Structure formats: structure tokens, C-alpha cells
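Every chain is numbered from 1 and lettered A, B, ... according to where its sequence line falls, protein lines coming before strand lines. Since this is a predicted model, take the numbers as computed values, not measurements.
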Number of protein chains: 2
Amino acid sequence: MTLITSSKNDLIKTLRTLTRKKNREEQQRYLLEGVHLVREALNAQQPITMILATEDFQVAAWLPNDVPTYWLKPEVAHTLSATVTTQGIFAVLPLPEAKLPQTFTGSWLLLDGVQDPGNIGTMVRTADAAGLTGVVLGEGSADLFSAKVLRSMQGSHFHIPIYQGDLADWVTELKAAQVPVYGSELNPAAVDFHQIPAQPNFALIMGNEGNGMQAELLAQTDQNLYIPIQGRAESLNVAIAAGILLFQLKN
Amino acid sequence: MTLITSSKNDLIKTLRTLTRKKNREEQQRYLLEGVHLVREALNAQQPITMILATEDFQVAAWLPNDVPTYWLKPEVAHTLSATVTTQGIFAVLPLPEAKLPQTFTGSWLLLDGVQDPGNIGTMVRTADAAGLTGVVLGEGSADLFSAKVLRSMQGSHFHIPIYQGDLADWVTELKAAQVPVYGSELNPAAVDFHQIPAQPNFALIMGNEGNGMQAELLAQTDQNLYIPIQGRAESLNVAIAAGILLFQLKN
């Protein structure tokens, strides 16, 4: 049993660098924090390479025997944590390989330059709950493996495939596969989302919080949907709009 | 023209205490931060008592002439801010008076112990966008006038009345006014939300992120709604669920 007592320990110092995307990519791994997420990773039989936990987790019967485990003093756990009050448990996982899907039919959520980590995570969780085929993050969207995105995903990235890529290429493939592609921007040609029936195959594109979708992408959509605003709010939060649209479109 | 150059200035020190609910209530005022929110307050003709801004705002033609305005050095603005990179503009507003509505008919969102400030703010914004009559915060919900809630409301608290009170009393009044009260918890008696038609009068109760609604309140509802989960997510984020339900229920 290894007990780490200093935050200057080499392993801890290296793992702390995983807060940056650049370092996650160089090391091809990411850090997951918290009881719920670590248990989700175990339940989903993810290839966890390492667990780190404060000593009070030594009594946790659900911790696996076959994964290298390091015990941490609370002050060491604190320096590894992205939260103010850490639960004191972490797992290290390899970044998943980026593969293309075998088929483009199905139901898809495409994120075009979404910036807020909480919005991205919540939309992945919502896409999971709606039973979608997959989620695609376009270039310019916040990174999937930051602590904040991981926290809002609540483990949904273990349930639903997530791709990163050029959305224009994706839309071309989706259209070639006869999948209707819906944009979500209020313009004169947009239709009230209530008019679109639930369907097995569709792609929905959600845009950036401030600027919406890229014009080039908007030009490629089959139809553009809007949610009628009755009150005086200027707009809906992007994740809320995605939730309303997905639970209308998905059958 | 008053320029504040020190963060130890008495006014700045007092305004900094407004981060705490206790102090907001004692002083009966709150601090609003950011260009968008201050402009929303001006557009909504709110009784702003004071504006504080860095000197670069002296050229902003939209700033009112009839509101006492203090200019701040950037380092002073920084100490007043709840964000890492402040836009450097603030307004002080009186806490609105808590009144009861004249009638309980209409469409209502009731929040039962919702904890996350972002969730509360987003739900108020969504209720505004859906054109609801009002929002009610039960005891145990996070406070409405914290910086985080204000940020996610995006000014919707200027558009839609928000009440704070005992939800059991509210439900009693709503039922006396023949307003159907819907809970949002998955239990054997719950019905798929798709089965409930849009209607002019209803109240929807959303519960705490982890524990859901209080049992006593759940027992008082007319019907309990659920959103069918197709994927492997355990649940939806509470604000997403509220968005889906409100845009189904509201006609």
C-alpha cells in the first residue's frame, strides 16, 4: 500500500498538470473526481489506470482490487482537486480513441462552438437521457475532459459516444445518409419546433451562447427550428433549448 | 464626479458585504454586475440607487444622468466583483418588496429546495421565456440575489414576479383557485408528461437536485409528471427537466 503524504510528490505534480487540455493530450489521459463519477466509471467498466483516494476510502467495498490505488493525505487530495471541498477520490483514465461511427443514421446532437463547460456537460447528459446515437463537438467548443464538463456530464460520456470533428464534414455525411439536419437559430425561414414530428433519424445543431451557429453551417441545414418565446426573456439558455428540442425530436 | 481609488473606501467596503444574504437583508439592497444586467435594469426602469463603473464607462451614452454614479479604478472594481475578469460596472438596487399575488390563477413554477444558483437562475429565465405568471421560491432554496443566480437569470427577475414563501401554503391557495398542481418525481402513480395538454392555468413544482421534492408537498399535488428516460443517464438536470415540462404545459 502506497501512501502519498506530500503534494510535491512527482505523481501528484504530474497529475495536477492534467487540468490543461494540452497536457491531457500529451499524456493521453484525464482525471475524474468524486464518488459518483468514479463509481460510474467502474460500473461502465472503463479502463481505469489508477485510483487515488484519501485513507477513509480504505473501507469502501466497491473499490476494485485490480486497479493500482494510491492513498492520499487530505491536504494532498486538496491540491489535486478542482473543487473547494473535495470528496477525496480520483481516477485516471485514458482519453478515448477518436473513431468515426460505422453509420451516420440515428439521432445526433452537434455542438457548434459552445463555450460554457456546464452547458456542454449538461447537453451531453441530456442527449444520453433522450437516448441519442451520439454527440459531436465541433472545433471551438470547450474541451470535453475538463473538470467542469466532466462534473456536468455526470458520467454520460461513458454511456453515449462523443466525437470531435469538423461539423461541416459531419453535416455532409449526415445528409448523404438522408438524415435531416436541423439548425436552431431564429431567422425568417425558421419553423416553430412544435411543427416537427418525433423521428428516428435527425441531427440537431446548437450554436455558441452569444453568437449562435456559424453562418456556413446554418446554410447547410435542411430546416431551422425556433422555440417561441412568450415572455420578455431575450433567449433561452442553450442547454435548456437543446433539452426542449431533443425531447420533441426524438421518438 | 467622484473617483474611488482605494478598495478600503467605506462605500466599497460596505458594498462588498452584499455578497452575504444576511447583509443584503439588513441593508435591503443588492449588487448587480456586468453590462448586460445593468442595461437590463435600466431598460426595465428599475429604481437603481447607485451606479459604480470604471472610468472607461464615462463615454457610455446609455448611462443615466439622474443616478448617482461613482467611478472606480480597475483594482477597486476587481475587489467588488464576483467574477475573475470583471467588466467593471455595477448597480445597487433595493430588494423588491415581497407581495402576494392578487390572484392565484395563471401559470406558476414552484422551486422546492433547489440548491444550485445556476439552476435557480436558469429556471427563472426559462419561466420568463415561457411566459409564466410567476415563480415561487420555497424555503431552503438558494437565495435569489446572489451574484451567481443574478448572472444566470440574465435580468429575467425584472420581467417576471418572483415570490418567496412556504410552498405548502402556496399549493393550498393554488388548489383553492382550481389551478392544477403538478409534481415532478418519478413514482408509480406518475404519468408521462406528453399526456398532459398545454393549459392556461397550472403550477409545476421542481424539487431539490439530489433529494427531489419534500414528501409532504408531493402528497398535495394533483398529478405527478415524469419525463421518460431512453438512454442510460440516471436523470436530467433539474433546469433541463423544468424547461421540457414548462414548454409542454404552457399554452
Go through the atoms of B/Thr122 and report whether side chain, backbone, both or neither lie under 4.5 Å from a heavy atom of chain A.
side chain

Heavy-atom distances under 4.5 Å only: say whether A/Glu40 touches chain B with side chain, backbone, both or neither.
side chain

Option in B/Leu246, B/Ile160, B/Ile240, B/Ile229 with maximal non-hydrogen atom pairs under 4.5 Å from chain A
B/Ile240

So if I apply the side chain to side chain contact (heavy atoms under 4.5 Å, CB included) rule between A/Glu234 and each of B/Gln154, B/His36, B/His159, which one comes out positive?
B/His36

Pair count under 4.5 Å, heavy atoms only, with chain A: among B/Ala241, B/Ala233, B/Gly131, highest is B/Ala233

Option in A/Ser156, A/Ser152, A/Ala130 with maximal non-hydrogen atom pairs under 4.5 Å from chain B
A/Ala130

Between B/Ile227 and chain A, which part of the residue has a heavy atom less than 4.5 Å away: side chain, backbone, both or neither?
side chain

Is a donor on one side and an acceptor on the other found under 3.5 Å between the side chain of A/Asp128 and the backbone of B/Gly231?
no

Less than 4.5 Å to any heavy atom of chain A: does that hold for the side chain of B/Asn251, its backbone, both, or neither?
backbone

